[in-house]
Amino acid sequence: MKLERTNFSSGAPLEDAVGYSRMVKVGPFVKIGGTTSVQPDGTVFAENDAYGQTKYILEKFIKLLDQAGAKPNDVISIKAYAISMKLGSEIGRAYSEIFKDIRPLFTLVGTTELNRPTQLVEIELDAVIQI
């Protein structure tokens with residue numbers, strides 16, 4: 001059985017330049033690649049604020065999931081990258097506001113830096129649309 005594949009773009013210039021999609025749906029499987037709090041105008045939302053950046057990214061994900069026909073309840077895994085593990089409580093607070101009762105897998109990984117100095121968090125997500 002061949003599953004249909006759909007690529008979704010956020011319109012970021014690098015997507016075309018490098019050749020990647022923001023989100024890919026194959027059959028019922030949805031994956032959103034590493035996403036930061038960069039706004040459409042290119043500025044970073046909530047500079048140096050891990051809670052604000054995490055909330056912004058997760059709200060972005062809800063909109064993307066909707067485009068793919070998925071809901072927050074379909075999320076099975078989230079991986080967040082933070083420039084400091086000390087930001088875990090702020091990231092966790094924003095995460096729990098949406099996913100506490102859904103309880104997908106959650107991994108927090110420390111990294112030395114992200115694309116811009118004011119970016120503190122980058123997140124990726126996996127979902128399976130329940131039929």
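Since we're looking at a predicted model, the values are computed, not measured.
Nearest approach of Ser77 to Pro104, heavy atoms of both residues: N-CB, 3.9 Å. Heavy-atom minimum distance, Asn7 versus Ser21: CB-OG, 3.2 Å. For the pair Pro72 and Ile62, the tightest heavy-atom approach, listed with the atom from each and the gap, is CG-CD1, 3.4 Å. A pairwise comparison of heavy atoms in Met85 and Val109 identifies SD-C, 3.9 Å as the closest pair.
Judged purely by atom type and a 3.5 angstrom limit, Arg103 has no side-chain atom pairing as donor or acceptor with the backbone of Ile76. Panel note: side chain Thr35, backbone Gly33; a donor-acceptor pair is recorded below 3.5 Å. Judged by distance alone, with hydrogens and angles left aside, the side-chain atoms of Thr111 form no donor-acceptor pair with the main-chain N or O of Ala82 at under 3.5 Å. Distance alone, capped at 3.5 Å, places no donor-acceptor pair between the Gln67 side chain and the Met23 backbone. Lys25 places a side-chain N or O within 3.5 Å of a backbone atom of Ala68 that can act as its donor or acceptor partner.
You'll find the side chain of Arg5 reaches within 4.5 Å of the side chain of Val24, heavy atoms only. Looking at heavy atoms from C-beta onward, Arg22 lies out of side-chain contact with Ser9 at the 4.5 angstrom threshold. Put simply, the side chain of Val38 reaches to within 4.5 Å of the side chain of Arg116, judged on heavy atoms. With a 4.5 Å cut-off on side-chain heavy atoms, Ile78 and Phe61 do not count as touching. Within the 4.5 Å cutoff, no side-chain heavy atoms of Asp126 are placed close to those of Phe29. Taking the side chain as every heavy atom from C-beta outward, Val121 and Ser37 never approach each other to under 4.5 Å. For the pair Leu65 and Val75, the minimum side-chain heavy-atom distance is below 4.5 Å.
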The test is side chain to side chain contact (heavy atoms under 4.5 Å, CB included); show your working for Ile91 and Leu108 and say whether it passes. CA-CA 9 Å; Ile91 294 166; Leu108 179 61; 4.0 Å; yes
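Here CZ of Phe45 is found 11.5 Å from CG of Asp41. Values are rounded to the nearest 0.5 Å. In this structure, OG on Ser10 lies 7.5 Å from CG on Leu64, to the nearest 0.5 angstrom. With rounding to the nearest 0.5 angstrom, the OG atom of Ser96 is 10.0 Å from the CG atom of Leu58. Going from atom CG of Asn73 over to atom CG of Asp101 covers 9.5 Å, rounded to the nearest 0.5 Å.
The side chain to side chain donor-acceptor pair (under 3.5 Å) pairs that include a residue from residues 45-57 are Tyr51-Glu97, Lys55-Glu97, where partners are two or more places apart or lie in different chains. Listed by first and then second residue, the salt bridge (Lys or Arg N to Asp or Glu O under 4.0 Å) pairs that reach into residues 61-85 come to none, sequence neighbours excluded. Legend: ring pair (Phe, Tyr, Trp, His ring centres under 6.0 Å) pairs involving residues 103-131, not counting sequence neighbours, sorted by first then second residue: Tyr95-Phe106.
Around the CZ atom of Arg93, the shell of radius 6.0 Å holds more than 12 heavy atoms that belong to other residues, nucleotides or ligands.
Under a hydrophobic clustering in which Ile, Leu, Val, Met, Phe, Trp and Tyr are joined whenever their side-chain heavy atoms come within less than 4.5 Å, directly or via other members, Met1 and Val128 fall into the same cluster. Hydrophobic clustering of Ile, Leu, Val, Met, Phe, Trp and Tyr side chains at less than 4.5 Å, counting indirect connections, unites Val30 with Ile98. Follow the hydrophobic side-chain contacts under 4.5 Å out from Leu114 and you never reach Tyr20; the two are in separate clusters.
Counting only N and O atoms by type, the side chains of Glu122 and Thr36 include no donor and acceptor under 3.5 Å apart.
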